[in-house]
A.B. asks: 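There's a structure below that I have some questions on.
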Amino acid sequence: MPGRDRCSDRPSRNPANRRSSFVDSTSGRDYDVARMSEESPQLEVSESELIRVRREKLDRIAALGFDAYPTTADVDTTIAEVVAAYAGKSGEELEAAKANVKIAGRIMGIRAFGKAAFLVLSEKTARIQVYCRMDSLPEREWALYQNLDAGDWVEVAGTVFRTKTNELSIKASHLGFLVKALRPLPSKWHGLTDVEQRYRQRYVDLIVNDSVKATFETRAKIVRYIRNYFDGNGFIEVETPMMQPIASGAAARPFRTHHNALDIDLFMRIAPELYLKRLIVGGLSRVYEINRNFRNEGISTQHNPEFTMLEFYEAYADYNDLIVRTEELFSGLAHEVLGTDKVQFRGNEISFARPFKRFTMKQAIAEFGGIDIRELDDRGKLESLVVARAKAFHPKADGTHGSSDTPHQKISSMNSGKLLAELFEAVAEHALINPTFITDFPTEVSPLSKQRHDDPDYVERFELYVGGMEVANAFSELNDADEQDRRFRQQLGERERGDDEAMQMDEDYVRALEYGMPPTAGEGIGIDRLTMILTDSPSIRDVILFPLMRPTRE
RNA sequence: GGGCCCGUAGCUCAGUGGUAGAGCAGUUGGCUUUUAACCAAUUGGUCGUAGGUUCGAUCCCUACCGGGCUCACCA
């Protein structure tokens, strides 16, 4: 484990080392080998012994005349293509065909027999076995084989055949050297399970855990499908600022940064929303963006400080149109990625068959909370329900509370819409496993949404829940500049009452609306959570290549 | 930030108040169709860090570092 300042991560003092310094892969710092050795002569034994042996092998390989760091590899196909082309062929058919191939890959395992050996070569998620015989290779290349280790990269030329145990293999007539793995691979059988090392050193995780490669290939497939979908439906992909003078468009705490030349503070964006709608004002009509948002909040299995959102905006549409579009997108995506409507997620089967279920927020609270829906219209009853149901307001075990407010004061300072949303999250959210639209959000928690004409206390908005997580949020966009200004000011009031995540006023956005935004509906979809569901990953860190980790110290 | 749990060889894991073991990997020898190849021998560890208790700590206590789950916050 890299973070433990373990002696074995340190370089060897062995004079055979040709380098005077060495980059520790976990910290990126240069260590001076001689200095390290003086400071901690005891700390250099174990892994550096393994590394020293491999360095000596590399020296021997170089002495045999191989370039230690060649610039190219001589290949004419990939392992995956060889497997695809010949997996269906019998030994006799391969014998007759005598197909010659040139491949490259990383050695994942070596089974040696004295004057012959099997190498398992891996490239991406494909593997093939290579059979090397002393009498079938040039002498120099057999000597190369004798200095190879698991983890090294090699090129191989040879004929495709089947062994007598029927394993598709390549009989090597040429073995070439590409690069040495100076560090040993984790156990070939148990792989790498330590989650800390898996996230910190994802490169090792990718080498030994094929399912990780598969997860990120699926993620790429998801993003590609979404891009194709929107490109094919008349949307244009845009990129809007990640660094913003005002972080608005969502309720969240931002990261702060600074631009030196302008000497101004900036915020990393918490949402692209207000910029994308400026583009609708500008007449682009259908836009989408797939990019990172940054929120300076807690980390959990469902939250990473930077995460990827799809947001799209469609003129001349309302939130009902987006319900249809969302069902179309999700079910199409499930078929593309999984080949079926159904996916296993955390032991539950989830079906993306259309149509998805729907509840209003109040219906969902009544249904999953066992609460009489009429009580939700009574402020007093609503408060006591929140006190009873929302764990958020229970005092801590030590008798203190998270904020200076007592729980009851905090609740009494919240507006009724916020109370309703709190109650929904407490009783219903976790129960929404199959895709479910929740509609009829309170206006008070939806400062950018258009009100329902039949009831201005509620807005034309839905969120889509899957696997107990919110994965999409959409609404008919508020395009009344005066009303938007009023809503922003209401948010400022919430902020003054202690809600430090209330939305920031963006006056230029109001100004943009004054130029006229056509009727528009917009939606945000969390790509990471969607990927979790489609790959059955229990943590968001499993679908982010390099999740944020606390840096390790010396 | 709170609660619970974890940190022992390169990897995966046992283990004990008397300064540590296994499998795989590595090394050496044998083996020219194996499949976690096999057989034989063998190297490798200030048991996360720092204090404390103790005759003695890897084990018990405290703090710290890092991580996981969970609650809070949030998407």
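Basis for what follows: all heavy atoms, side chains included, without hydrogens, waters or symmetry-related copies. Here is how names work: the chains are called A, B, and so on, in the same order as the sequence lines, proteins then strands, and each is numbered from 1.
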A.B. asks: May I ask you to say what Met469(A) touches in the nucleic acid, namely base, sugar-phosphate or nothing, with a heavy-atom cut-off under 4.0 Å?
C.D. replies: nothing
A.B. asks: Respond yes when some side-chain nitrogen or oxygen of Arg111(A) is under 4.0 Å from OP1 or OP2 of A37(B), and no when none is.
C.D. replies: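 Affirmative; the distance criterion is met.
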A.B. asks: Determine whether a donor-acceptor pair (N or O, by modelled atom type, separation under 3.5 Å) exists between the side chain of Arg106(A) and the backbone of Gly151(A).
C.D. replies: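 Yes.
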A.B. asks: Paired with U12(B): which nucleotide, if any, by Watson-Crick or G-U wobble criteria at under 3.5 Å for both distances?
C.D. replies: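 Result: A22(B).
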A.B. asks: Under 3.5 Å, is there an N or O donor on one side and an acceptor on the other linking the side chain of Thr193(A) and the base of U12(B)?
C.D. replies: no
A.B. asks: How many whole angstroms separate atom CD1 of Ile110(A) from atom C1' of G26(B)?
C.D. replies: 12 Å
A.B. asks: Send over the distance from Gln146(A) CD to U32(B) P, rounded to a whole Å.
C.D. replies: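 My rounded result for the distance is 13 Å.
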A.B. asks: If I take atom CD1 in residue Ile299(A) and atom P in nucleotide C73(B), what distance separates them, rounded to the nearest angstrom?
C.D. replies: 17 Å
A.B. asks: Hey, is Asp536(A) close enough to Arg346(A) for a salt bridge, meaning N to O under 4.0 Å?
C.D. replies: no
A.B. asks: Could one point to a donor on the side chain of Gln129(A) or the base of U34(B) with an acceptor on the other under 3.5 Å away?
C.D. replies: yes
A.B. asks: Quickly work out the Leu50(A) CG to C24(B) P distance and round it to whole Å.
C.D. replies: 16 Å
A.B. asks: Parallel, tilted or perpendicular, judged at 30° and 60°: which one describes the rings of Phe356(A) and Phe352(A)?
C.D. replies: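 Rings of Phe356(A) and Phe352(A): perpendicular, over 60°.
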A.B. asks: Identify whether any heavy atom of Lys171(A) sits under 4.0 Å from a base atom; if not, whether one sits that close to sugar-phosphate; answer base, sugar-phosphate or nothing.
C.D. replies: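 Result for Lys171(A) = nothing.
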A.B. asks: Under 3.5 Å, side chain of Arg529(A) to main-chain N/O of Glu470(A), donor-acceptor pair present?
C.D. replies: yes
A.B. asks: Checking base pairs now: Watson-Crick or wobble, both atom distances under 3.5 Å. What partners A40(B)?
C.D. replies: U28(B)
A.B. asks: My understanding is that a pair needs two contacts under 3.5 Å, Watson-Crick or G-U wobble. By that rule, which nucleotide pairs with C60(B)?
C.D. replies: G52(B)
A.B. asks: Using atom CD of Glu167(A) as one end and atom C1' of A37(B) as the other, report the distance to the nearest whole Å.
C.D. replies: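 Result: 13 Å.
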A.B. asks: Are any of Ser300(A)'s side-chain N or O atoms less than 4.0 Å away from OP1 or OP2 of C73(B)?
C.D. replies: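 Answer is no, no contact under 4.0 Å.
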A.B. asks: Scan Asn166(A) against the nucleic acid and name what it touches under 4.0 Å (heavy atoms): base, sugar-phosphate only, or nothing.
C.D. replies: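 Asn166(A): no heavy atom of the nucleic acid under 4.0 Å.
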A.B. asks: Can you tell me the base-pairing partner of A75(B)? Count Watson-Crick or G-U wobble geometry only, both distances below 3.5 Å, and say none if there is no partner.
C.D. replies: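 Base partner found: none.
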A.B. asks: Counting only Watson-Crick pairs (N1-N3 plus N6-O4 or O6-N4) and G-U wobbles (N1-O2, O6-N3), all under 3.5 Å, who is the partner of C69(B)?
C.D. replies: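 Looking at the geometry, C69(B) pairs with G3(B).
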A.B. asks: When all nucleic acid strands are considered with a 4.0 Å heavy-atom cut-off, which category describes Tyr465(A): base, sugar-phosphate, or nothing?
C.D. replies: nothing
A.B. asks: Answer yes or no for this row: Phe113(A) ring on C31(B) base, centroids under 5.5 Å, planes under 30°.
C.D. replies: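 So no, this residue does not stack on that base, at least one cut-off failing.
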A.B. asks: With both distances under 3.5 Å as the test, what is the Watson-Crick or G-U wobble partner of U46(B)?
C.D. replies: none
A.B. asks: Should the ring pair Phe161(A) and Tyr131(A) be called parallel, tilted or perpendicular, given that the plane angle runs from 0 to 90° and is split at 30 and 60?
C.D. replies: tilted
